[in-house]
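One structure below.
As the structure lists them, so they are numbered: ligands from 1, and atoms in each ligand from 1.
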Amino acid sequence: MRLTDSGRKQGGLPRSSRGAAAVVGARAGPAILLALGLAGCSGQQSALAPAGEGAERLASLFWTMSAGAVVIWALVVGAAVYASRLRPGPHSERIGRVLLWGGTAFSTAVLTGLLVFGLMLMPDLRAAGDGLKITVSGEQWWWRVRYLAPGGSGPIESANEVRLPLGQRVELELTSPDTIHSFWIPPLGGKVDMIPGRVTRLVLEPTRTGTFRGACAEFCGTSHALMAFSVVVLEEAAFEDWLADEAAPATAPGSAAEALGQELFLQVGCGACHTVRGTAADGAIGPDLTHLASRATLGAGTLPNSFDALVRWIAHTEAIKPDVRMPSFGALPDEHIEAIAAYLEGLE
Ligand code: CUA
């Protein structure tokens, strides 16, 4: 009764419409759940829309196990319906023995089959890489990414975005200075923990180009949910061009506003934490900003990368990302924040 009263107080629907809505809701509920579930099967962050060798194997394991689960579910429910509805009452000892030994043999066979199938996938998942190496360090709460080209050049540092060449088996070395994170790009491969004091490995072999989304898959602190990254798979030649651009120092300010922004950036101390290669800014605590403008997002997948978002980020960092190590610079005059944002927006 209380619920109905409060519903009426809040200006809810009349009783008859509420009843109808509830019936429609009850009927639509499973359909909505199914639609939501299926929507999760595609898109940038779906393990069931594989774009990499590892993810393809894991998806095949998932579908095999799901099919097995459906068959077992049907058998168990079928036996229960038979015993309770079709032939209720006491059953012979023979049926009991069939169920006992049949059930034991069946479970053993199915679980052994799945174990063998799962083990057979492992050597391929763990095979070594054959070219580029990338180290990724999970920070609070962003990703430090370093490219080590086979020629021995580098490392070339970037952040919150991983670019991969199509068709190569790229080895990722995963670490963390202080907290356990879990590195996961669902469409490309399995998830691997980043553990302080250890180096864990993941080999990814993309099978199609595109932009995907990765995320931290283990609770690591206040802003765990604001710790994503973009993954861009490029044709090999396009990747080489991009890597060469990424290795170059930052472009010089192209306008008076950008030049003022650069001056302020250095003056207020941004360079103590951030590096902009080719300038005096060489801090190593926060993300390298040398080519910030070429990335899709700000704050590790938290905001789109635009001028307005940069202004918001600089002024309200702690409100946008709780417990982030970067302090808010909201005390600066608006025109100074805008000049710094203009400078950063020019760092292609
Ligand atoms: Cu990093 Cu959760």
Nearest atoms (heavy-atom pairs only) where Trp141 meets Lys321: O-NZ, 2.7 Å

Tell me which N, O or S atom from His224 is the closest to atom 2 (Cu) of ligand 1. ND1

Is the Phe183 to Trp143 ring centre distance short of 6.0 Å? yes

What N, O or S atom of Glu218 is found closest to atom 2 (Cu) of ligand 1? O

Using a distance threshold of 2.8 Å, state whether an N, O or S atom of Met227 lies below it from atom 1 (Cu) of ligand 1. yes

Check each of Val170, Leu243, Thr209, Val233 against Pro165 using the side-chain contact (heavy atoms from CB on, under 4.5 Å) test, and report the only one that passes. Val170

Looking only at N, O or S atoms, which one in His181 sits nearest to atom 1 (Cu) of ligand 1? ND1

Grab the two heavy atoms, one from His181 and one from Cys220, that are nearest each other, plus how far apart they are. ND1-SG, 3.4 Å

